[in-house]
Participant: 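Could you have a look at this structure, given as structure tokens, before my questions?
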Amino acid sequence: MTHNLLKGKRGIITGALDSNSIAWKVAQKAHAEGAIFTLSNAPIALRMGEIKKLADETGSQIIPADATNVEELTALYQQSMDVLGGKIDFVLHSIGMSPNIRKNLPYDALNYDFMVKSLDVSALSLHKMLSVAKKMDAINESGSVVALSYIAAQRAYPFYNDMADAKATLESIVRSFGYHYGKAKKVRVNSVSQSPTRTTAGSGIKGFDDFYNFADSISPLGNASAEDCANYCITLFSDLTKMVTMQNLYHDGGYSTTGVSAEVMEGFKAK
Ligand code: NAI
């Protein structure tokens, strides 16, 4: 069922790599809710070509941009405004990557050049996207920027490695930039802290399947899917949430506020 929640709105959606990507589902839902938008990803990811299918399905133009590169981000906003015919109403930051995770380096023996890259791609890129937009005055009043996060920003998850530090930084940027952009232009900035989700980025985490099952058995509602996450993002892009800003919003089936579940206790029954 659709509600035309984004009718007349223009957006930029980053991070759709393949049909499992959270951003892919957000694009499909945003299209169904009446939005027009551009799709963006790093040039290297675009070479894989999958995103073309999504562009055709949603009638969107693809604009390559490495989210760590300010010039490319400037071009992304300018071209998006040209293609869509005006200022932007919503932006999805759905970007994450850790070379340390890719190379299987443990948290207590990180490669620091890689760590700087993890932070740049996964967190500072949000600051850059916001800073470029603010400088260009590219986002309309009450516009909404949503970034995706994970609860390892607040708690220790050994396998999440330096992405935990990146997510903590990301959420801090949400608050700090949310203040400045809110004051100056009433633009909203929030993060959605999502359940483990089977995507390319998610499955790259060591022991992901066990971890996925653990979270599923803790959460009263079970893990939230990528599609559920997309629905939540749509509400945050819509005017129905126009006073929500600077928040990290858990979208995790109740995981973050559950201490323990009966299912998990079963495994610890006293003999
Ligand atoms: P995904 O692998 O489909 O998406 C990650 C995207 O980041 C890819 O499209 C990739 O090309 C893009 N990217 C990497 N480097 C880039 C760069 N330099 N410039 C522009 N784009 C770049 O995986 P998923 O899971 O959809 O990830 C989206 C977001 O959701 C990430 O921030 C991730 O950390 C977050 N998240 C994922 C969870 C999961 O379990 N899958 C749980 C909680 C949050």
Side-chain angles (χ1 to χ4, degrees), residues 12-28 39-51 54 62-73 75-76 91-99 101-102 114 116-126 128-129 146-154 157 159-171 173-174 191-216 219 223-230 232-233 248-253 255-256:
I12 297 176
I13 296 180
T14 68
L17 181 66
D18 57 34
S19 59
N20 294 319
S21 298
I22 296 168
W24 192 285
K25 315 278 185 208
V26 174
Q28 288 176 321
L39 295 168
S40 184
N41 209 324
I44 189 151
L46 293 176
R47 258 178 251 144
M48 293 171 179
E50 276 287 294
I51 197 175
L54 181 66
I62 302 166
I63 303 175
D66 179 333
T68 64
N69 183 312
V70 168
E71 286 74 39
E72 292 182 23
L73 289 174
L76 170 62
V91 176
L92 179 73
H93 177 285
S94 188
I95 297 169
M97 198 277 294
S98 159
I101 290 181
R102 286 199 176 169
F114 289 171
V116 168
K117 186 80 182 161
S118 302
L119 293 170
D120 196 17
V121 171
S122 313
L124 306 195
S125 60
L126 176 66
K128 291 174 184 176
M129 287 189 80
V146 172
L148 290 166
S149 196
Y150 185 61
I151 195 172
Q154 285 80 30
Y157 283 79
F159 309 123
Y160 206 62
N161 215 310
D162 58 349
M163 279 301 287
D165 304 309
K167 292 303 190 193
T169 306
L170 181 88
E171 292 180 17
I173 292 169
V174 164
S191 53
V192 170
S193 185
Q194 163 67 6
S195 294
T197 315
R198 289 198 168 93
T199 62
T200 303
S203 312
I205 312 284
K206 204 169 162 197
F208 178 83
D209 285 332
D210 302 345
F211 194 43
Y212 178 95
N213 292 337
F214 171 75
D216 199 44
S219 318
N223 285 335
S225 68
E227 198 177 351
D228 293 324
C229 184
Y232 193 38
C233 291
N248 178 51
L249 301 158
Y250 290 102
H251 182 261
D252 62 1
Y255 175 87
S256 48

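Source: prediction; values computed, not measured. Both counts, for ligands and for their atoms, begin at 1 and track the order of listing.
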Participant: Between the candidates Thr197, Leu170, Thr68, Leu76, which shows the shortest non-hydrogen contact distance to atom 41 (N) of ligand 1?
Facilitator: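 Answer by nearest heavy atom: Thr197.
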Participant: Could you check whether Ser149 and Asn248, counting side-chain N and O atoms only, form a donor-acceptor pair closer than 3.5 Å?
Facilitator: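 Short answer, no.
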Participant: Going by heavy-atom distance to atom 34 (O) of ligand 1, choose the closest among Lys167, Lys117, Met129.
Facilitator: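 Among Lys167, Lys117, Met129, the closest heavy atom to atom 34 (O) of ligand 1 belongs to Lys167.
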Participant: Mind listing the closest non-hydrogen atom pair of Phe114 and Asp162 along with its distance?
Facilitator: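 Taking Phe114 first and Asp162 second, the nearest heavy atoms are O-OD2, 4.4 Å.
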Participant: Among all protein heavy atoms, pick the one closest to atom 42 (C) of ligand 1 and tell me residue, atom and distance.
Facilitator: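 Residue, atom and distance for the closest contact: Ser195 O, 3.4 Å.
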Participant: Can you tell me which residue and heavy atom of the protein come closest to atom 19 (N) of ligand 1, and the distance to 0.1 Å?
Facilitator: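 For atom 19 (N) of ligand 1, the nearest protein heavy atom is Ala67 N, 2.9 Å.
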Participant: Have a look at ligand 1 and work out which part of Ala65, if any, has a heavy atom under 4.0 Å from it: side chain, backbone, both or neither.
Facilitator: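 Backbone only.
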Participant: Scan side-chain atoms only and decide if Gln28 and Glu227 contain a donor-acceptor pair under the 3.5 Å cut-off.
Facilitator: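 The answer is no; no qualifying pair exists.
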Participant: For Pro196, counting its heavy atoms only, list the atoms of ligand 1 lying under 4.0 Å from any of them.
Facilitator: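 By the 4.0 Å cutoff, the relevant atoms are 40 (O).
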Participant: Look at atom 24 (P) of ligand 1 and say which protein heavy atom is nearest, naming residue and atom and giving the distance to 0.1 Å.
Facilitator: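 Minimum-distance protein heavy atom for atom 24 (P) of ligand 1 reads Thr199 OG1, 3.4 Å.
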Participant: Give me the nearest non-hydrogen protein atom to atom 3 (O) of ligand 1 as residue plus atom name, then the distance to 0.1 Å.
Facilitator: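 The closest heavy atom on the protein side is Ser21 OG, 2.6 Å.
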Participant: Closer than 4.0 Å to some heavy atom of Gln194 - which atoms of ligand 1 meet that?
Facilitator: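 Going through ligand 1 atom by atom, the ones under 4.0 Å from Gln194 are 42 (C), 43 (C).
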Participant: I want to confirm something. Looking only at heavy atoms, which of Leu148, Ile22, Asp18 is nearest to atom 37 (C) of ligand 1?
Facilitator: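 That would be Ile22.
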Participant: How close does the nearest protein non-hydrogen atom get to atom 29 (C) of ligand 1, and which residue and atom is it?
Facilitator: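 Atom 29 (C) of ligand 1 sits closest to the protein heavy atom Ser94 OG, 3.6 Å.
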Participant: Angle between ring planes, Phe208 versus Phe211, binned at 30° and 60°: parallel, tilted or perpendicular?
Facilitator: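 Taking Phe211 first and then Phe208, their aromatic rings stand perpendicular (interplane angle over 60°).
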Participant: May I ask you to test the Val121-Ile95 pair for a side-chain heavy-atom distance under 4.5 Å?
Facilitator: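 Yes. Closest side-chain heavy atoms under 4.5 Å.
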Participant: Using heavy-atom distances only, which candidate in Ala226, Ala201, Cys229 approaches atom 23 (O) of ligand 1 most closely?
Facilitator: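 Closest candidate by heavy-atom distance is Ala201.
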Participant: Counting non-hydrogen protein atoms only, what is the nearest one to atom 15 (N) of ligand 1? Give residue, atom name and distance.
Facilitator: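 Checking every protein heavy atom, the shortest distance to atom 15 (N) of ligand 1 gives Val121 CG1, 3.5 Å.
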Participant: Measuring from Ile13:CD1 to Trp24:CH2, what's the distance to the nearest 0.5 Å?
Facilitator: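 Rounded to the nearest 0.5 Å, the CD1-CH2 separation comes out at 12.0 Å.
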Participant: Identify the closest protein heavy atom to atom 22 (C) of ligand 1: which residue and atom is it, and at what distance?
Facilitator: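 The closest one turns out to be Ile95 CG2, 3.6 Å.
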Participant: If I apply the N/O under 3.5 Å rule, does Asp66 come out as touching ligand 1?
Facilitator: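 Among all N and O atoms of Asp66, at least one is under 3.5 Å from an N or O of ligand 1.
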Participant: With under 30° as parallel and over 60° as perpendicular, where do the rings of Tyr255 and Tyr157 fit, or are they tilted in between?
Facilitator: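 Tilted.
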Participant: Would you indicate which of Gly202, Gly15, Ala45, Ser149 comes nearest to atom 36 (N) of ligand 1 when only heavy atoms are counted?
Facilitator: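 Checking each option, the heavy atom nearest atom 36 (N) of ligand 1 is found in Ser149.
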Participant: How about CZ on Arg102, more than 12 heavy atoms from neighbouring residues, nucleotides or ligands closer than 6.0 Å, or not?
Facilitator: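 At most 12 heavy atoms, drawn from other residues, nucleotides or ligands, come within 6.0 Å of this atom.
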Participant: Which residue supplies the protein heavy atom nearest to atom 12 (C) of ligand 1, what is that atom called, and how far is it?
Facilitator: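 Checking every protein heavy atom, the shortest distance to atom 12 (C) of ligand 1 gives Asn41 OD1, 3.5 Å.
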Participant: Counting C-beta onward and ignoring hydrogens, is there a side-chain heavy-atom pair between Cys229 and Val192 closer than 4.5 Å?
Facilitator: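 The answer is yes; the side chains approach within 4.5 Å.
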Participant: With side chains defined as the heavy atoms from C-beta onward, is the minimum distance between Gln194 and Asp228 less than 4.5 Å?
Facilitator: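 Answer no - side chains too far apart.
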Participant: Is it the case that atom CZ in Phe159 sees more than 12 heavy atoms from other parts of the structure closer than 6.0 Å?
Facilitator: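 Atom CZ in Phe159 is not crowded, with 12 or fewer foreign heavy atoms closer than 6.0 Å.
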